[in-house]
Number of protein chains: 2
Amino acid sequence: MAAATGHAVSTVSNALAGKRHVNEETRRQVKEAAERLGYRPSAVARSLRMKLSSTIGVLVPDVSNPAIPEFIRGIDDIAVREGCTILLCNTDELVERQVSQMQTLLDRQVDGMILISQHCDTPEVRKLLDGKTPFVLIQRRSSRFRDDYVGSDNLQGMRDSVTYLHGLGHRRIGLVTGPGTSSTAQERFEAFEATIADLGCDEDPDLIYRGDYTVEAGYDAMHYFATLSKRPTAVIASNDVCALGVQDAASELGLSIPQDLSLLGCDDIDLARLRRINLSTLHLPKREMGAAAAELLMRRIHSKRPPTPREIIIPTELVLRESCAAPADGGNAKRPAERRPLVSPG
Amino acid sequence: MAAATGHAVSTVSNALAGKRHVNEETRRQVKEAAERLGYRPSAVARSLRMKLSSTIGVLVPDVSNPAIPEFIRGIDDIAVREGCTILLCNTDELVERQVSQMQTLLDRQVDGMILISQHCDTPEVRKLLDGKTPFVLIQRRSSRFRDDYVGSDNLQGMRDSVTYLHGLGHRRIGLVTGPGTSSTAQERFEAFEATIADLGCDEDPDLIYRGDYTVEAGYDAMHYFATLSKRPTAVIASNDVCALGVQDAASELGLSIPQDLSLLGCDDIDLARLRRINLSTLHLPKREMGAAAAELLMRRIHSKRPPTPREIIIPTELVLRESCAAPADGGNAKRPAERRPLVSPG
DNA sequence: TTGTACGCGTTATCAT
DNA sequence: ATGATAACGCGTACAA
């Protein structure tokens, strides 16, 4: 390319990048030649030289889990704006896979990484995180380290959920937890127990089902709950996908929602609003969360001195549709079976 | 690193890569030193030197559309096996975005690209495809060029769909098409018309709604169909996501599925099997399709001489759940003009 | 304003 | 079996 124009390589570089002052006429010549030859600077060579690849790694459990893609989209929104491209990795919740993927990303000189619901306290993982490559955590944070983090307000969200069901008259509320390794799941679990106690609901360990974020978990949980002699009148699922599993099992068991069972999800996936699903749920603005994480990452990438870690806690919002109602027996049989009208918000 | 061991750089390279014969003792020393220093060869430098990045670009309309992620997962399955990482790009069906993303991927020296339902006949796009970088198309192929392609058997699939509904007694069958730019949508449309004619069903242009692959398209389509004086007794949606929209609108209109309306989707997304959805649909093994595409790409990447383009057409399978039944009137559409309450959406 | 020369970290080639 | 050296294609300090 340099030869083709008769100019020096540096001149070409500068003409194209527009860094240094170069004669208008020269620039025109160079641009014209580049256009004609279909020349494009090699991003790889640039990365090697600059030690910056304009690339960010994104680790997720599994893209094909409906709970995930919105995060990615949010990240990408910011990434494209910044001229970055996403390197995507599925880890299937397997630490070894995660470690090897992170290793690969580091080898590729990614400018930074975003870990969505990934292990972040495993020593092996932490070792890789201790390097100089910036990273941001989403929905799963470390108990021992302070990192850039974007998560939902799990405490308030769960408190709202339980309080809402309590207000409807429920006293026996079942919970399907997320995986124990997830800080978000942990936080929600603790908030659940605390609120249950505060409100004087049944504190029955049988009402806790340890699950994860899959349809199967919800399905199995509901079948388990059905075996209880004192069944819950309401169930809070680990997320919407899980709630779908609960719904499914409930149908199978001949339990109507919300008449026989109230159900609350978390996430507000696009499908939750469908009349067939009609799931009351805790809305999480995932695309915004992804974007926020990417912004945090960019800040860290571009700043000279490492900024102090920032945690962004996104408020959640209870979206009321029609999967919840007063329990058939009025909750404790202490209140009339008065049916509350359910108003869905716009 | 080379200095640290006292050996030559080439020796280090060979010891780690295991390409050339190197003394066992030397190799041990090098490996030990690498371990101790946490040294890892730079993938970027390697890419520059080898002109291979072990990276493949994947272009999709939008990750957050539920129809997409399974493809990506299938691609990734093969990619990890081959030591490749995925560069993910969302194009939102915008040609200019697609072109610029492809340009970027090419700049990054991707070993190949997989285009999922992307424009592939636009001159601007074709110019980039004409280069030496291998690529594979998924679900949207060119009419003018023969490329590596993985798609579903749209002709047979649609034929099966229509035949099934016809067998149930339906004579007025509505179709929500995918976007006109999609070859898959086009093929299905043509197969629809042909089969409708073959079977002697109503060939009414009013029964064709030009939509796309979104919930909204299905929703709008159903509301449109409802305005027809002679309404369809069955609807085939562009895909499951779209079918969900049809379902939703049907609920809103007070139409029961399958009593008042039969509905057939396409894709068999995970959620279709839920009892609440219970959608009869044309099963597409997307993860396998993604994997097949990646295999095709790898073959092309690794072969010396460009292989002749191969098209892999994946057979579909009708999965019968409970969204279809015989029409209420036996299929002659001579139904009384009884007006159902129309509820306008919010 | 423009050109020269070097280095980024590899691998391939050639010589030892 | 190993070492020295030349690319790969860019950015940049420095010289002109």
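None of these values were measured; they are calculated from a predicted model. No hydrogens, no waters, no symmetry mates; every other heavy atom, side chains included, goes into these values. All chains are named by letter (A, B, ...) in the order of the sequence lines, taking the proteins before the strands, and each is independently numbered beginning at 1.
- Side-chain atoms of B:N65 come within 3.5 Å of backbone atoms of B:A67 as a donor-acceptor pair (strictly under, hydrogens ignored).
- For CZ of A:R146, the number of neighbouring non-hydrogen atoms (other residues, nucleotides, ligands) closer than 6.0 Å is 12 at most.
- Of the candidates B:M102, B:M113, B:Q101, B:Q101 is the only one forming a side-chain contact (heavy atoms from CB on, under 4.5 Å) with B:C89.
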Protein heavy-atom contacts under 4.0 Å, written 5' to 3' over nucleotides 8-16 of chain D as B (base), S (sugar-phosphate only) or - (none), form the string BBBBB-B--

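- Within a 6.0 Å sphere centred on CD of B:E35, heavy atoms belonging to other residues, nucleotides or ligands number 12 at most.
- Contact check, B:H7 against D:dT2: no side-chain N or O comes under 4.0 Å of OP1 or OP2.
- For B:L16 and C:dG9, the CG to C1' distance is 13 Å, given to the nearest whole Å.
- Across all strands, A:S47 comes closer than 4.0 Å to no nucleic acid atom at all (heavy-atom distances).
- Checking side-chain atoms of A:R140 against main-chain N and O of A:T184 turns up no donor-acceptor pair under 3.5 Å.
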